[in-house]
Amino acid sequence: MDDNLDDVANFRLPWSPLPEHAGTLVVEALQASTPDAYRSMWMLLTDFDLTRKIAVPCWPVPAVSALTDSAR
């Protein structure tokens with residue numbers, strides 16, 4: 001386990017037979033310890049190949065979480 005964990009995302013790219021739903025990256029959760037980590041995670045998520053749109057069912061996704069606070 002890495003003690004220097006900055007961010008984590010739970011996402012999926014489900015298969016769909018319908019062209020309007022194909023290529024939808026679903027971000028179910030995103031946690032980051034700093035604003036820079038949050039920005040970096042979104043940059044990673046928006047750079048996946050074959051992704052046409054991003055769905056975030058639990059909007060707003062928190063910008064900063066207690067990932068590092070729980071270790072204090």
Side-chain angles (χ1 to χ4, degrees):
M1 182 76 159
D2 184 1
D3 291 336
N4 297 319
L5 183 64
D6 287 332
D7 47 12
V8 63
N10 183 13
F11 62 92
R12 57 192 168 89
L13 187 58
W15 178 85
S16 176
L18 303 173
E20 61 269 14
H21 296 297
T24 300
L25 180 78
V26 181
V27 179
E28 296 175 341
L30 190 148
Q31 295 179 327
S33 57
T34 67
D36 285 338
Y38 181 76
R39 187 173 27 262
S40 294
M41 182 57 72
W42 277 113
M43 289 173 59
L44 173 74
L45 291 171
T46 58
D47 197 35
F48 278 101
D49 286 344
L50 305 177
T51 299
R52 293 176 39 206
K53 58 185 169 180
I54 295 178
V56 184
C58 298
W59 193 259
V61 176
V64 178
S65 77
L67 278 178
T68 56
D69 291 339
S70 63
R72 291 180 189 166

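How far CE of M41 is from CG of D7: 3.5 Å, rounded to the nearest 0.5 Å. Between atom CH2 of residue W42 and atom CD1 of residue I54 there is a gap of 6.0 Å, rounded to the nearest 0.5 Å.
The hydrophobic clustering, which links ILVMFWY residues whose side-chain heavy atoms are closer than 4.5 Å, places L44 and L25 together.
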All N/O donor-acceptor pairs, side-chain side in residues 8-17, below 3.5 Å, sequence neighbours left out:
from : atom 1 : to  : atom 2 : distance (Å)
N10  : ND2    : E28 : OE1    : 3.4
R12  : NE     : E28 : OE2    : 2.4
R12  : NH2    : E28 : OE2    : 3.3
S16  : OG     : L18 : N      : 3.2

| Can you check side chain to side chain contact (heavy atoms under 4.5 Å, CB included) on L30 and L45, steps first, answer last? | CA-CA 10 Å; L30 190 148; L45 291 171; 3.5 Å; yes
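When all heavy atoms are compared, the tightest approach of E20 to K53 is O-NZ, 2.9 Å.
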